[in-house]
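Reviewing the structure listed below.
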Amino acid sequence: MGYTLKEGNYEKLGVQIDKNALVFTFEGEKEDECAILLYGKDHKLAERLVVPAEYCMGSVRSVRIEGLSAKNLMYNYEINGEVHTDVYARRIIGREKWHDLNRENYHYHIYGGCLTEDFDWSGDSRPQVPKGEMLIYKLHVRSFSMDAGLQGKIRGTFAAVKRKIPYLKSLGVTTVEFMPIYEFEELVFARAPQLPPNIQWKEKKGDMILPPKEQEVERVNCWGYVPGNYFAVKASYSSTDNPSFEWKELILELHKNGMECIMEMYFEENMNQNIILDALRFWVREYHIDGFHLMGASIPVTAAAQDIFLSRTKLFSCGFESMLLERKGAFTRLFVYKDEYQYPVRRALNHISADMNQFLCQQRKQHEAQGFVNYIASNNGFTLYDLFAYQDKHNEANGENNRDGSDWNFSSNCGCEGRSGRKAVNELRRRQLLNALVILMMGQGVPLLMAGDEFGNSQGGNNNAYCQDNRTGWLNWKKGEKFSWLTQAVRKLAEFRCAHPIICRETPMQMRDDEHRGFPDLSYHSSHPWVSAVSAAKEAVGLMYYGCYGDDLPEDFVYIAYNFHNGMEMLALPKLPEKKCWYLVIDTARGKDAFLEAPERVQNQYQIQVDPQSIAILTGRSAKKGAWGGKTSEKRKGRAV
C-alpha cells in the first residue's frame with residue numbers, strides 16, 4: 001500500500017490524527033535506525049515504514065504518514081532491530097481477555113492502537129468536593145463485582161461498577177479511588193527459588209535428598225502495581241470492545257452523582273519523570289479525572305503540584321515539600337496518604353502497646369493547606385473484618401510459604417482464629433467493627449473505606465491477596481445481607497459527620513477558646529471535667545467538640561467517649577449552657593442497636609458510664625433539635641444520606 005511520509009510536528013508524543021494522515025512521534029536518536037511496523041487484522045506484519053534520520057529534533061523522531069487511517073490501527077516501533085510498543089499508545093491490543101493463558105509470547109504479543117471515538121462530555125461538571133466533606137471508597141474494578149450475582153461479560157468491568165453508583169451514593173461516598181485501571185500485564189510466571197551461586201548443589205551418587213527442580217509457577221497479578229502502559233485503559237476491564245468509552249461513561253455517571261474519580265498511578269524508580277507528568281495531564285484532559293494517588297519511587301510530586309494544568313486536580317502522596325504548603329488556596333488539593341493513621345488506631349482497639357496520645361493526635365490531625373487520608377484497613381493488609389478475626393496472616397495460598405504480606409498487623413482474633421460459632425466471640429467482633437467505623441468517621445481527616453469493609457468482607461486471613469483472582473480476593477456481596485446492620489452503620493455515621501461539620505473541620509483544632517466564644521473548639525475530659533489526664537497508657541477519654549467554631553457551623557456540642565479498657569469507665573461531662581442537655585445518640589455497646597432511634601436524655605448530666613471496649617457519642621443541644629442535633633448546610637444536605 002502506498003503511503004507518503006513527511007516530517008511530523010514534534011508537539012505531542014504518541015499518535016495524533018491530522019486530517020487524512022497520522023503523525024507518529026516517539027523517542028529515538030538521530031543515529032538510531034527507526035521504523036514503524038504496521039500489522040493487519042491477522043496480527044501479522046503488513047508494512048515496515050523506515051523513518052528518515054532527518055525527521056529528528058533532540059531525541060524525538062516524528063513522521064507524518066498520509067493515507068493511513070486511525071481505524072483498526074495496530075502498530076509498534078522498531079528501533080535498532082528491537083520491537084517496542086509505544087509508551088504513549090492510547091490503546092493496547094492483545095490483552096482484551098483477562099488472564100489469557102493462550103496468548104502466545106504473552107509479554108511481547110501486544111500492539112499500540114489509536115482512539116477514534118467521539119465521546120460527548122457536554123454538561124459534565126467536576127464535583128471538587130471540599131476536604132471536610134470527603135468520604136473515599138477504594139475498590140478494585142474486577143474484584144468488586146465478580147461475585148456480585150451478575151451474569152455474562154459485565155462481571156468485573158467498569159459497567160458493573162457503574163451499576164453500583166446508587167449504592168455508593170447511599171453510603172455517603174463522595175470520592176471513588178480506583179486501583180490501577182491503566183493497561184498492565186496480569187500474567188506472572190515466577191521461577192522457583194534457586195540456591196545462590198556460592199552454594200550451588202553438587203549432586204553425589206547415593207544422595208537421599210535431591211535439589212529442587214526449576215519450574216515456573218503461574219500467578220495472576222490482580223492489583224497492577226507493576227510497570228504499565230500509562231496512556232491506555234485496561235481492555236479486560238471492559239464489557240465491550242471499547243474500554244475507553246466505557247471508562248468515560250463510568251466517570252461521567254460518577255460526576256452526575258456528585259462523586260469524584262481518583263486513579264491510583266504506580267511508577268517504578270527508573271520511570272522517566274516527563275512521561276509521568278504527561279500521563280497525568282492526559283488522564284485529566286481526555287478522561288476528566290479528578291485526582292491521582294501517586295505511588296512508587298522517585299515520583300515528581302513537586303512538579304505535579306506546581307503544574308498549572310493540574311492546579312484543580314487532587315494529588316495524594318506520602319508527603320509534600322514544605323514550599324508547596326506555604327501557598328494557601330481556596331481549594332485544598334494536596335493530601336497526605338500513608339499508613340500512619342491505621343497503626344495507632346489498631347493498637348488502641350486491640351490492646352497492643354497502645355498509646356492514647358498518638359491515637360488522639362491522629363484523630364485531630366489537620367492542616368490548613370493539605371488534607372490527610374485516614375484508613376484502618378486497605379487492600380494491603382487485613383480487611384476490617386479479618387482485623388478482629390485473625391491473630392496471624394494466612395497467605396499460604398499465595399504460593400510463597402506465608403512469607404509475603406506484612407507481619408505487623410496489630411490484629412486480634414477475639415478468642416478464636418477465623419470463623420467461630422461462639423456467641424461471645426461474634427458479639428465482640430461486631431462491637432469492634434462498629435468501634436473501628438466510629439473512630440474512622442469521627443477522625444478530623446478524610447475517612448477511607450476499603451470496598452467490602454462496610455459489610456464485613458473477609459479474605460480468610462489473607463493479608464496480601466494480590467494474586468487471589470477467586471472468591472478469596474473477590475467481594476462476597478452475599479455477606480452483605482447478614483451484615484446489613486454494618487452497612488447501615490456506615491450510612492448513619494456519614495450522616496452524623498455531615499450534620500456536625502466541626503468534627504471534620506478543615507483547619508487544625510486550637511484546643512482553646514481563642515475566639516472568646518465560651519468554650520474551646522476541642523477539649524479532653526477524664527473522670528473530672530476539663531482535666532484530660534491523658535497519658536500513653538490511659539485507655540479512656542472524652543472529647544468535646546464545640547460547633548460554634550468555624551464559618552456557618554452550628555452552635556451545638558458533640559461529646560465522644562472512647563473506652564478501650566476491658567472494664568467500665570466513668571467520664572465527666574462538662575456543664576452545658578442553659579436550656580441545653582446531653583443526649584445519647586450512639587452507643588456501640590448496644591451492638592446492632594447502637595444507633596438510637598430517638599436520642600436518650602442522659603439522667604446524670606455530669607458524667608457518663610461507658611461500657612468496656614465501646615464508644616458512646618452524645619450531643620449537647622436543646623430539646624427542640626432533630627435526632628442528630630446540629631445544623632446541616634444546604635450544600636452538605638446534598639451529600640448527607
**Report entry** From CA spacing to verdict: side chain to side chain donor-acceptor pair (under 3.5 Å), E246, S238
**Finding:** CA-CA 7 Å; E246 191 169 313; S238 175; 3.0 Å; yes
Report task. Let me see the working for T383 and N457 under side chain to side chain donor-acceptor pair (under 3.5 Å), right down to the final yes or no. Result -> CA-CA 7 Å; T383 67; N457 185 61; 5.6 Å; no
Requested in this report: Please report the C-alpha distance between E454 and T487 in whole Å, then the side-chain angles of each, then the deciding distance to 0.1 Å, and finally whether the side chain to side chain donor-acceptor pair (under 3.5 Å) criterion is met.
Outcome: CA-CA 5 Å; E454 76 276 13; T487 308; 5.9 Å; no
Report task. Just do the salt bridge (charged side-chain N to carboxylate O under 4.0 Å, His left out) check on E186 and K234 with the steps written out, would you? Result -> CA-CA 10 Å; E186 70 272 10; K234 187 153 186 62; 2.9 Å; yes
Query - side chain to side chain donor-acceptor pair (under 3.5 Å) evaluation trace for D453 with Y385 - result: CA-CA 7 Å; D453 282 346; Y385 178 87; over 6 Å; no
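By the side chain to side chain donor-acceptor pair (under 3.5 Å) test, Y287 is found to be paired with S244, residues two or more places apart in sequence or in another chain being considered. For R346, there are no salt bridge (Lys or Arg N to Asp or Glu O under 4.0 Å) partners two or more places apart in sequence or in a different chain. For the side chain to side chain donor-acceptor pair (under 3.5 Å) test, no residue two or more places apart in sequence or in another chain qualifies with E268. Partners of H84 by ring-ring contact (aromatic ring centres under 6.0 Å, His included), not counting sequence neighbours: none found. With sequence neighbours excluded, the residues forming a side chain to side chain donor-acceptor pair (under 3.5 Å) with D120 are S122, listed by chain and number. For R364, the side chain to side chain donor-acceptor pair (under 3.5 Å) partners are Y524, not counting sequence neighbours. K314 meets the salt bridge (Lys or Arg N to Asp or Glu O under 4.0 Å) test with E260; sequence neighbours excluded.
Between the side chain of R333 and the backbone N or O of A305 there is at least one donor-acceptor pair closer than 3.5 Å. With hydrogens and angles ignored, the 3.5 Å screen pairs no side-chain donor or acceptor of N409 with any backbone N or O of S411. The backbone N or O of F292 lies less than 3.5 Å from no partner atom in the side chain of E264, so there is not a single donor-acceptor pair. In this structure, K393 contributes its side chain and D404 its backbone to a donor-acceptor pair below 3.5 Å. Panel note: side chain K131, backbone Q370; a donor-acceptor pair is recorded below 3.5 Å. Here the side chain of N395 pairs a donor or acceptor atom with the backbone of N463 at under 3.5 angstrom. Although no hydrogens or angles enter the test, the distance criterion places no donor-acceptor pair under 3.5 Å between the side chain of H293 and the main chain of M263. Although no hydrogens or angles enter the test, the distance criterion places a donor-acceptor pair under 3.5 Å between the side chain of E506 and the main chain of G132. Counting only distance, with no hydrogens or angles, the side chain of D100 and the backbone of E96 share no donor-acceptor pair below 3.5 Å. Put simply, the side chain of E185 gets close to the backbone of L187: a donor and an acceptor are under 3.5 Å apart.
For residues 475-484, no residue pair satisfies the side-chain hydrogen bond (donor to acceptor under 3.5 Å, both in side chains) rule, not counting sequence neighbours. Applying the side-chain hydrogen bond (donor to acceptor under 3.5 Å, both in side chains) test to every pair with at least one member in residues 436-448, sequence neighbours left out, gives no pairs at all. Residue pairs meeting the salt bridge (charged side-chain N to carboxylate O under 4.0 Å, His left out) criterion with at least one member in residues 462-472, sequence neighbours excluded: R142-D469, D147-R471.
Around atom CD of Q362, more than 12 heavy atoms belonging to other residues, nucleotides or ligands sit under 6.0 Å away. In E117, the CD atom is crowded: over 12 heavy atoms of neighbouring residues, nucleotides or ligands sit closer than 6.0 Å.
The distance from atom CD1 of I503 to atom CE of M442, rounded to the nearest 0.5 Å, is 4.5 Å. Within the model, atoms OG of S458 and CG of L475 stand 11.0 Å from one another, a figure rounded to the nearest 0.5 Å. Atom CZ of F178 sits about 5.0 Å away from atom CG of L139, to the nearest 0.5 Å. Between L135 atom CG and L171 atom CG the span is 7.5 Å, to the nearest 0.5 Å. Going from atom CZ of R126 over to atom CG of L254 covers 13.0 Å, rounded to the nearest 0.5 Å. Here S170 contributes atom OG and R491 contributes atom CZ; the two are 3.5 Å apart, rounded to the nearest 0.5 Å.
Y75 has its ring centre less than 6.0 Å from the ring centre of Y77. Ring-centre distance between H367 and F372: not below the 6.0 Å cut-off. When ring centroids are compared, F245 and W247 stay outside the 6.0 Å threshold. The aromatic ring centroids of Y230 and F282 lie 6.0 Å or more from each other.
With no hydrogens or angles considered, a side-chain donor-acceptor pair links T302 and E321 at under 3.5 Å. Judged purely by distance below 3.5 Å, without hydrogens or angles, the side chains of R505 and Q366 never pair a donor atom with an acceptor atom. Using a 3.5 Å distance cut-off with no hydrogens or angles, the side chains of Q468 and N398 do pair a donor with an acceptor. The closest side-chain donor-acceptor pair between D86 and N76, if any, does not fall under 3.5 angstrom. Judged by distance alone, the side chains of H140 and Y237 do bring a donor and an acceptor atom under 3.5 Å apart.
Note: F410 and W408 have tilted aromatic rings, judged against thresholds of 30 and 60 degrees for the angle between ring planes.
Of the residues R90, E183, R95, the one that meets the side-chain hydrogen bond (donor to acceptor under 3.5 Å, both in side chains) test with N229 is R95.
The shortest heavy-atom contact between L324 and Q306 is CD2-CG, 3.8 Å. In terms of heavy-atom proximity, V301 sits nearest to G319 at CG1-O, 4.1 Å. Listed here is the closest heavy atom pair of Q363 and I439: NE2-O, 3.1 Å. Of all heavy-atom pairs between G456 and L486, the closest is N-CD2, 3.7 Å. In this structure, G172 and A494 approach most closely via the heavy-atom pair CA-CB, 4.3 Å.
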Can I get a per-line list of side-chain donor-acceptor pairs under 3.5 Å for residues 375-382, giving both atom names and the distance, sequence neighbours left out?
residue, atom, partner, partner atom, Å
Y375, OH, D339, N, 3.4
S378, OG, K138, NZ, 3.3
N379, OD1, K138, NZ, 2.6

List the atom pairs, with distances to 0.1 Å, where a side-chain N or O of residues 156-166 and a protein N or O form a donor-acceptor pair under 3.5 Å, not counting sequence neighbours.
residue, atom, partner, partner atom, Å
T157, OG1, I154, O, 2.6
T157, OG1, A159, N, 3.4
T157, OG1, A160, N, 3.4

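Taking the charged nitrogens against the carboxylate oxygens, K365 and E340 do have a contact shorter than 4.0 Å, which makes a salt bridge.
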